[in-house]
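Heads up, the thing below is written out as structure tokens.
Chain identifiers are assigned alphabetically (A, B, ...) following the order of the sequence lines, protein sequences preceding nucleic acid strands; residue numbering begins at 1 within each chain. These numbers come from the heavy atoms of this one structure, side chains and all, not from hydrogens, waters or symmetry mates.
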Amino acid sequence: MNELIKKLVEAYGPSGFEDGMRDIIRPEIEAYADEIRVDTMGNLIAFKKGNGEGLKVMIAAHMDEIGVMVSHITKEGFLRFTNIGGVFGHTLLGSRVQFADGTVGVVFSDRIEDRSKVHPLNKHFIDVGATSKEDCPIKVGDAAGFHREFVARGDQLTSKAMDDRIGCIVGIEALKRLESSPHDIYFVFSVQEEVGTRGAEAAANGIQPDVGIALDVTLTGDTPEKRPLAVDLGKGPAIKVKDRGMIAHTGLVRIMKQRAEEAGIDYQLEVLEFGSTDARSIQIAGPGSAAGCISIPCRYVHSQSETVDANDVEESINLLVEILSKPIEL
Amino acid sequence: MNELLKQLTEAVGVSSAEKEVRLLIRDLIADHVDEWHVDAMGNLIAVKRGTGASDLRVLVDAHMDEVGLMVIDIDSSGMLKFDGVGGFDDRALLGKVVQVGPKKITGVIGARPIHLLKAGQYTAVVKRDAMRIDIGAKNKEAASSKIKVGDVAAFVTEYEELGPTAIGKAFDNRAGCAALIELLRAEPYPFDLVAAFTVQEEVGLRGAEVAAYGVKPDAALVLECTPAFDLPNEDDVSPNVALGHGPSIYVMDRGTIQDPRLVSHISRTAAENSIPFQIRQPGGGGTNTAAIQRLHGGIPAATIATPGRYAHTPAMMINLDDYANVVRLAEATLRALTPEIIKRNA
């Protein structure tokens, strides 16, 4: 599985520019879905038919990653940029980004007068090795993702874009392992989550599911001086109870816990003060749905060294398969 | 003199009170469309039937509303307390003439004259809640006979042309409305063109969401007036679009990543027709595209805008060549739009 994880996390796909991600995921799932389509926004939707006794379920894992977009090119050929999603100055100095055509750029900031302060994004630039605006291979409006290699250190898997390629892995593997289900299931590999859960909103408006489950990473509270949060790396999937954008459907949370307990899967309960997931959009799209989220604990989210635990990933897949193979009585 | 721009910018249509603009536009388009109706929000929706060559249903949106003020209280001296409808820089308000309420009562946003300013007041910013609109009423009763709480106020600016430049209020977004009217006056398109002159954009893209939900189009084009920021700037850091450099095409703003297929289609169309264009600086701001794009399983949407200086103030400036090129580019973009461009296979 690490090979597929490496392929997914190292691929280019900032929000709005997920075409390459679809090309990687589609062949992985084609043999396991009854139907595959791509909707207007670019969501890749794999449909697996149920036995007619269940509900209409939408699973969402987002393909996009945070990144930057070029807003201006100086006459010396340096790129000024704006953020795509949650990109912050303190993760940027000396980092590298990659554009769709493979061009790699180095990110640095304007002169630092006071080392105790972090420059805002508009005081940073990207150097792609150009010497003038004219010879610069990149244009205003071009988007880049971060550029960082995947490493596996025992069970700890580290890379850029674990958020949310690891959720995509959970979706892909669950689809592969799911033998039968009462439910009509739409596995949605969604776009534009990082800029406001936009892809899932359009997909859910189209699908109008009864139940929506997002697969996404969540923060952990287990590193030095961390804000208190009862989610640790390596202690199992986190069943989301609440985040800033959603209060999970209580019936769905109950079923998730029940299925985990029946299958002997260790789980944690997540109450997150910041951020949200595609589940937020699915919950209130169209006439609304019962929404929840299986979260994969992840350290250093929105840095280029996002770290997850292989066992948490495996158990997240198991939990999703358990939920989907049995009736969901809300 | 561009009579269309003059009529449209001098009409008053603060968000939620767009009727005057709607009636004006209705009369301007009635002979050029096959049907029209006004929906529950107040959006004017008009259909121009196509030649039948294509099955697409394409929505073109331009918001009718402009930013303005709303009277929130009348004090005992007959002065009107107000708040903004849409986004304002309070510093642009002092000393301006406004027209208040359905009877268009003239008022002045009063400022303490410089003769009476004390030290320190020269540099302080006067906050909105310390300002009043003065309609010259002698007391609350006199003011209340002309104005009601909830009445809106708009700026008063006569349209003028100076060479290639036009000056007026509310180019945001009457420039878009004028361009859409021009599109309706042209020959039929291969597909049914649904024009939506929408309400309440300035307070949160509210009209377009309802309009697009009802129309359920296959693709949408938004015509806007985007803030230009091309004043002298030594930093080479953060210019936005510039006047006279052509229509600006959106790629990303706070609310959307515009449909990449439509963005390339528009840029390609501009190049093929030798129409100058500029990519609007990605980043902040937002247009009705954000309200349209995610409805009904997703609607491909993009924005073409006329650059305008001094947006959300009493006096804006646009370049008339830019405006004419927005009309040309929008028309060419629509005529060349085929289902293949927005079809997704992978």
A:F108: ring pair (Phe, Tyr, Trp, His ring centres under 6.0 Å) partners, not counting sequence neighbours: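 Here no residue qualifies.
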
Heavy-atom pairs under 4.5 Å with chain B, option from A:K139, A:Q208, A:R198, A:E201 with the top count: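 The option with the most such pairs is A:R198.
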
Can you tell me how far [atom2] of [Y] sits from [atom1] of [X], rounded to the nearest 0.5 angstrom?
X	Y	atom1	atom2	answer
A:D39	B:I299	CG	CD1	11.5 Å
B:R261	A:T40	CZ	OG1	6.0 Å
B:M252	A:F17	CE	CZ	8.0 Å
B:R294	A:N205	CZ	CG	9.5 Å
A:Q192	B:T256	CD	OG1	8.0 Å
A:H72	B:I279	NE2	CD1	15.0 Å

Side chain / backbone / both / neither for [X] at chain B, heavy atoms under 4.5 Å:
X	answer
A:S15	both
A:M41	both
A:V191	neither
A:F125	neither
A:N43	neither

Let me know if [X] has heavy atoms under 4.5 Å from chain A in its side chain, its backbone, both or neither.
X	result
B:P282	both
B:Q258	neither
B:I249	neither

Tell me whether [X] at atom [atom1] has more than 12 heavy atoms from other residues, nucleotides or ligands lying less than 6.0 Å away.
X	atom1	result
A:K123	NZ	no
B:N273	CG	yes
A:F47	CZ	yes

